[in-house]
Amino acid sequence: MTSHLPAAVLWDMDGTLVDTEPYWMTAEIELFDSFGLTWTHDEALQVVGLGLWESAALFRRHGVDLEPDDIVQRLTDRVRQLVAEQGVPWRPGARELLRALREDEVPAALVTMSVRRMAEDIANAIPFDAFDLIVPGDEVSEPKPHPEPYLTAAGLLGVDIVECVAFEDSRAGVTSAAASGAVTIGLPNLQDLSGTAADVLWESLEGRTSADVANAVALVRGGGGRNARRAADASEEIS
């Protein structure tokens with residue numbers, strides 16, 4: 001099975017490794033409230049997975065009278081504060097699968113639309129060296145759903161993107177990862193991923209192993225195809 005492990009695993013962060021999306025929503029609602037505006041939970045769901053500057057442009061169109069850089073800084077500072085106060089809300093099984101893949105010497109990158117300082121906060125909270133590199137949202141020209149973040153990560157790792165696996169929880173993230181050519185495993189959280197370009201949908205990372213990742217790659221590359229629910233079902237049976 002080791003021969004079928006991916007060349008690298010590329011991890012989304014917010015909503016995939018850590019359940020920080022509620023923190024972002026809190027920060028957004030507080031931001032709008034400070035301008036006497038309303039920002040609902042349903043509206044917040046629409047920007048999950050998008051680049052921060054793209055979200056900032058949308059917020060400005062809704063009446064937030066700040067420059068995009070100021071919006072991004074204000075939101076990021078608030079989320080970092082919430083993480084510091086309330087702790088890192090790890091998604092079930094995330095750290096365990098990270099460690100298992102590292103023990104199997106699979107290269108890993110954190111590919112997130114959060115800015116580097118936020119990504120480093122999360123990476124530094126992991127009690128082992130989890131990532132070879134970070135590709136944050138403030139260091140790419142085109143954010144998710146564009147494939148650039150994932151292509152950049154594969155390029156920096158020196159691996160072929162089609163030999164990589166990407167984990168994503170959002171529709172924008174799945175679109176980005178799938179368009180890059182990576183085998184894309186969707187982990188539905190706040191958004192429904194049915195009908196997206198995800199190759200496989202897993203309900204959770206809990207209990208998942210390196211063998212599950214290898215099996216997903218083998219099933220997809222062996223003809224399972226995009227959105228192959230049978231690949232997910234087969235993976236469940238194997239695990």
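The first residue of the sequence shown is numbered 1, and numbering continues consecutively from there.
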Separation of [Y] [atom2] from [X] [atom1] (nearest 0.5 Å):
X      : Y      : atom1 : atom2 : answer
Phe128 : Glu103 : CZ    : CD    : 8.0 Å
Leu98  : Leu17  : CG    : CG    : 5.5 Å
Leu110 : Leu10  : CG    : CG    : 10.0 Å
Asp42  : Met25  : CG    : CE    : 9.0 Å
Phe131 : Met13  : CZ    : CE    : 9.0 Å
Glu139 : Glu148 : CD    : CD    : 11.5 Å

- prompt: Do any pairs count as a side-chain hydrogen bond (donor to acceptor under 3.5 Å, both in side chains) and have a residue in residues 55-64, sequence neighbours left out, and if so which ones?
  reply: none

- prompt: Around Glu105, counting heavy atoms of other residues, nucleotides and ligands shown, do more than 12 lie under 6.0 Å from its CD?
  reply: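 Open.
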
Heavy-atom neighbours of Asn124 CG exceed 12 at 6.0 Å: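 Yes - once you tally the heavy atoms of other residues, nucleotides and ligands closer than 6.0 Å, there are more than 12.
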
Do the side chains of [X] and [Y] join up, straight or via other hydrophobic residues, at under 4.5 Å, putting them in one cluster?
X      : Y      : value
Leu37  : Trp24  : yes
Ile161 : Val213 : no
Tyr150 : Leu133 : yes
Phe167 : Leu157 : no
Phe32  : Leu66  : yes

Between [Y] and [X], is there a side-chain heavy-atom distance shorter than 4.5 Å?
X      : Y      : answer
Ile126 : Trp90  : yes
Glu67  : Gln73  : no
Thr196 : Leu193 : yes
Leu50  : Met113 : no
Trp11  : Val111 : no
Leu5   : Ser210 : yes
Leu187 : Leu201 : no
Val165 : Val217 : yes

Heavy-atom pair of closest approach, residues [X] and [Y]:
X      : Y      : result
Ala172 : Gly49  : CB-O, 3.7 Å
Cys164 : Asp160 : SG-O, 3.5 Å
Ser170 : Gly173 : OG-N, 2.9 Å
Glu54  : Pro143 : OE1-CG, 3.1 Å
Met118 : Val79  : CE-CG1, 3.5 Å
Ala125 : Val88  : CB-CG2, 3.9 Å

For [Y], does its backbone N or O pair with a side-chain atom of [X] as donor and acceptor, under 3.5 Å?
X      : Y      : result
Glu206 : Pro92  : no
Thr184 : Ala198 : no
Asn215 : Ala211 : yes
Asp192 : Ser194 : yes
Thr16  : Asp169 : yes
Asp132 : Ala108 : yes
Thr20  : Tyr23  : no
Asn189 : Gly15  : yes
Ser180 : Ala177 : yes
Arg116 : Ile134 : yes

message: For the residue pair Glu43 / Thr40, report whether a side-chain donor-acceptor contact shorter than 3.5 Å exists.
response: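 There is such a pair (donor and acceptor under 3.5 Å, judged by atom type) between the side chains of Thr40 and Glu43.
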
Residues Asp14 and Ser114: side-chain donor-acceptor under 3.5 angstrom: yes

- request: Take Glu96 and Arg99, measure what side-chain contact (heavy atoms from CB on, under 4.5 Å) needs, and give me the verdict at the end.
  value: CA-CA 5 Å; Glu96 291 80 2; Arg99 183 185 288 277; 5.9 Å; no

With Gln46 via side-chain hydrogen bond (donor to acceptor under 3.5 Å, both in side chains) - residues at least two apart: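 side-chain hydrogen bond (donor to acceptor under 3.5 Å, both in side chains) list for Gln46, sorted by chain: empty.
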
- line: Taken in chain and number order and not counting sequence neighbours, the residues that satisfy side-chain hydrogen bond (donor to acceptor under 3.5 Å, both in side chains) with Asp69 are Trp53

Sole candidate of Ile71, Val47, Val72 that passes side-chain contact (heavy atoms from CB on, under 4.5 Å) when paired with Leu52: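 One option only clears the test, and that one is Val72.
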
task: Please determine if Asp199 and Arg221 form a salt bridge, counting it only when a charged side-chain N lies under 4.0 Å from a carboxylate O.
output: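 No.
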
- prompt: Is any side-chain N of the basic residue among Asp121 and Arg80 closer than 4.0 Å to the acidic one's carboxylate O?
  reply: yes

- request: Starting from the C-alpha separation in whole Å, work towards a yes-or-no answer on salt bridge (Lys or Arg N to Asp or Glu O under 4.0 Å) for Glu168 and Lys144.
  value: CA-CA 11 Å; Glu168 274 286 356; Lys144 301 173 187 178; 2.6 Å; yes

message: The test is side-chain contact (heavy atoms from CB on, under 4.5 Å); show your working for Val135 and Thr112 and say whether it passes.
response: CA-CA 6 Å; Val135 177; Thr112 175; over 6 Å; no

query: Can you list the steps and then say if Trp39 with Leu31 is a side-chain contact (heavy atoms from CB on, under 4.5 Å)?
result: CA-CA 9 Å; Trp39 184 245; Leu31 174 66; over 6 Å; no

task: Evaluate the side-chain contact (heavy atoms from CB on, under 4.5 Å) criterion for residues His41 and Leu45: first the C-alpha distance (whole Å), next the side-chain angles of each, then the deciding distance (0.1 Å), finally the verdict.
output: CA-CA 6 Å; His41 176 79; Leu45 283 175; 3.9 Å; yes

